[in-house]
*Asks:* 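Encoded as structure tokens, here's the structure I'll be asking about.
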Amino acid sequence: PSIQLFASAGTGKTHPVTSLYTALILGRPYPAEPLGPIGAGEVFDGSVLIPCEEILMLTFARNAASEMRSRITIEIEKQLELDPDRADFYWSLLRRISGAVISTIHAFGQRLIAQNALALGIAPSFRLLEDDEVGRMLNEALADELRHSLASSVDGEREAMEAICIGRKPGMVITAAKEFLHQCDS
């Protein structure tokens with residue numbers, strides 16, 4: 001089964017999402033009590049345990065993924081204290097939860113690419129670029145393309161680049177080129 005929750009940032013998704021996750025791995029109904037128009041146990045009846053290895057929990061922000069993992073871990077620890085007769089089960093969950101896929105969409109994508117790098121024709125040592133690296137590389141590529149276009153003998157290309165560059169400082173040329181490309185793509 002697939003359960004998706006869509007809501008804007010800051011709307012309080014973390015509590016219901018982590019409550020659902022713990023209900024799945026502990027085999028408890030969700031929601032435990034009626035939740036607005038959703039009846040108790042209507043989303044998940046709790047009749048089976050879903051292994052954490054079979055659950056994919058994705059978010060956009062690193063801090064949200066960390067917070068979700070932390071809340072789930074705390075809930076398992078609470079259950080360990082409340083039900084010491086099932087200590088082996090809870091300890092097993094605590095060990096396995098560290099490897100569960102509770103991450104950002106980007107981290108999950110990176111993990112998939114890394115696991116399949118050779119099949120995708122990508123070096124296994126690849127890494128994701130940080131935002132500042134992306135910006136720097138984009139600026140370098142734009143600058144190289146501008147230089148190429150200014151040196152071009154293709155009709156209209158040189159004139160278009162000269163028109164973008166006239167009267168601008170180098171940093172402003174990049175900005176103008178980005179704006180021009182954005183307008184062309186729109």
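Everything numeric here is computed off the predicted structure, so don't read it as measured data. All heavy atoms count here, side chains included; hydrogens, waters and symmetry mates do not. If you read the sequence from its start, that first residue is 1, and numbering goes on from there.
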*Asks:* Indicate if Val48 and Leu24 have the same hydrophobic cluster label, given that clusters are the connected sets of ILVMFWY residues with side-chain heavy-atom separations under 4.5 angstrom.
*Replies:*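 Yes, because Val48 and Leu24 connect within a single hydrophobic cluster, where side-chain heavy atoms sit under 4.5 Å apart.
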*Asks:* Of the non-hydrogen atoms in Ala32 and Ala40, which two are nearest, and what is the gap between them?
*Replies:*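 Scanning both residues, the minimum pair turns out to be O-CB, 3.5 Å.
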*Asks:* Is a side-chain donor or acceptor of Arg69 paired with a backbone partner of Ile102 at a separation under 3.5 angstrom?
*Replies:* yes
*Asks:* Once you round to the nearest 0.5 Å, how far does CD of Glu77 lie from CD1 of Ile97?
*Replies:* 11.0 Å
*Asks:* Which heavy-atom pair separates Gly41 from Pro29 by the least distance, and what is that distance?
*Replies:*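 So the minimum-distance heavy-atom pair works out to CA-CB, 3.8 Å.
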*Asks:* Please evaluate residues Asp45 and Tyr30 with respect to the criterion side-chain contact (heavy atoms from CB on, under 4.5 Å), reporting the C-alpha separation (whole Å), side-chain torsions for both, the decisive distance (0.1 Å), and the verdict.
*Replies:* CA-CA 6 Å; Asp45 66 10; Tyr30 181 84; over 6 Å; no
*Asks:* Looking only at non-hydrogen atoms, find the nearest pair between Thr104 and Ala107 and report the distance.
*Replies:*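 Closest heavy-atom pair between Thr104 and Ala107: OG1-N, 2.9 Å.
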*Asks:* Report whether Leu93 and Leu82 are members of the same hydrophobic cluster (ILVMFWY, side-chain heavy atoms less than 4.5 Å apart, transitive linking).
*Replies:* no
*Asks:* Please find the pair of heavy atoms, one from Leu129 and one from Met137, that lie closest to each other, and give the distance.
*Replies:*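 In this case the closest contact between Leu129 and Met137 is CD1-SD, 3.4 Å.
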*Asks:* Under 4.5 Å side-chain heavy-atom separation, chaining through any Ile, Leu, Val, Met, Phe, Trp or Tyr, what else clusters with Phe60? Say none if it is isolated.
*Replies:*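 Joined to Phe60, directly or through intermediates: Leu56, Leu58, Val101, Ile105, Phe108, Leu112.
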*Asks:* Salt bridge (Lys or Arg N to Asp or Glu O under 4.0 Å), that's the test. Do Glu75 and Arg71 meet it? Break it down for me.
*Replies:* CA-CA 6 Å; Glu75 182 58 30; Arg71 287 188 188 191; over 6 Å; no
*Asks:* Under a 4.5 Å cut-off applied to non-hydrogen side-chain atoms, are Leu26 and Phe89 in contact?
*Replies:*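 Side-chain contact under 4.5 Å: yes.
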*Asks:* Show your reasoning for whether side-chain contact (heavy atoms from CB on, under 4.5 Å) applies to Glu133 and Asp131.
*Replies:* CA-CA 5 Å; Glu133 292 176 296; Asp131 289 341; over 6 Å; no
*Asks:* Is it true that Ile74 and Met68 fall in one hydrophobic cluster, defined by side-chain heavy atoms closer than 4.5 Å?
*Replies:* no
*Asks:* What distance separates Thr11 OG1 from Lys13 NZ, expressed to the nearest 0.5 Å?
*Replies:*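 Reported to 0.5 Å precision, the distance equals 4.0 Å.
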*Asks:* List the atom of Pro31, the atom of Ile38, and the distance in Å for their closest heavy-atom pair.
*Replies:* CD-CG2, 3.8 Å
*Asks:* For Glu42 and Gly39, work out which heavy atoms get closest and say how close.
*Replies:* OE1-N, 2.8 Å
*Asks:* Using 0.5 Å steps for rounding, measure from the OG atom of Ser92 to the CD1 atom of Ile76.
*Replies:*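 The CD1 atom of Ile76 is 9.5 Å from OG of Ser92, to the nearest 0.5 Å.
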*Asks:* Linking I/L/V/M/F/W/Y whenever their side-chain heavy atoms sit closer than 4.5 Å, directly or via other members, would Met57 and Leu94 fall into one cluster?
*Replies:*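 Linked, Met57 and Leu94 end up in one cluster.
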*Asks:* Hey, any chance Leu49 and Ile72 share a hydrophobic cluster, counting ILVMFWY side chains that come within less than 4.5 Å of each other, even indirectly?
*Replies:* yes
*Asks:* Tell me whether Lys78 contacts the main-chain N or O of Thr73 through its side chain, where contact means a donor paired with an acceptor under 3.5 Å.
*Replies:*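 Such a contact is absent between Lys78 side chain and Thr73 backbone.
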*Asks:* With a 4.0 Å cut-off on N to O distance, would you call Arg136 and Glu130 a salt bridge?
*Replies:* no
*Asks:* Scan side-chain atoms only and decide if Arg62 and Ser66 contain a donor-acceptor pair under the 3.5 Å cut-off.
*Replies:*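 Result is no, nothing qualifies.
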*Asks:* Would you mind listing every side-chain hydrogen bond (donor to acceptor under 3.5 Å, both in side chains) that reaches into residues 17-29, with sequence neighbours excluded?
*Replies:* Arg28-Gln79
*Asks:* Any chance CG of Asp88 has more than 12 other-residue heavy atoms, nucleotides or ligands included, within less than 6.0 Å?
*Replies:* no
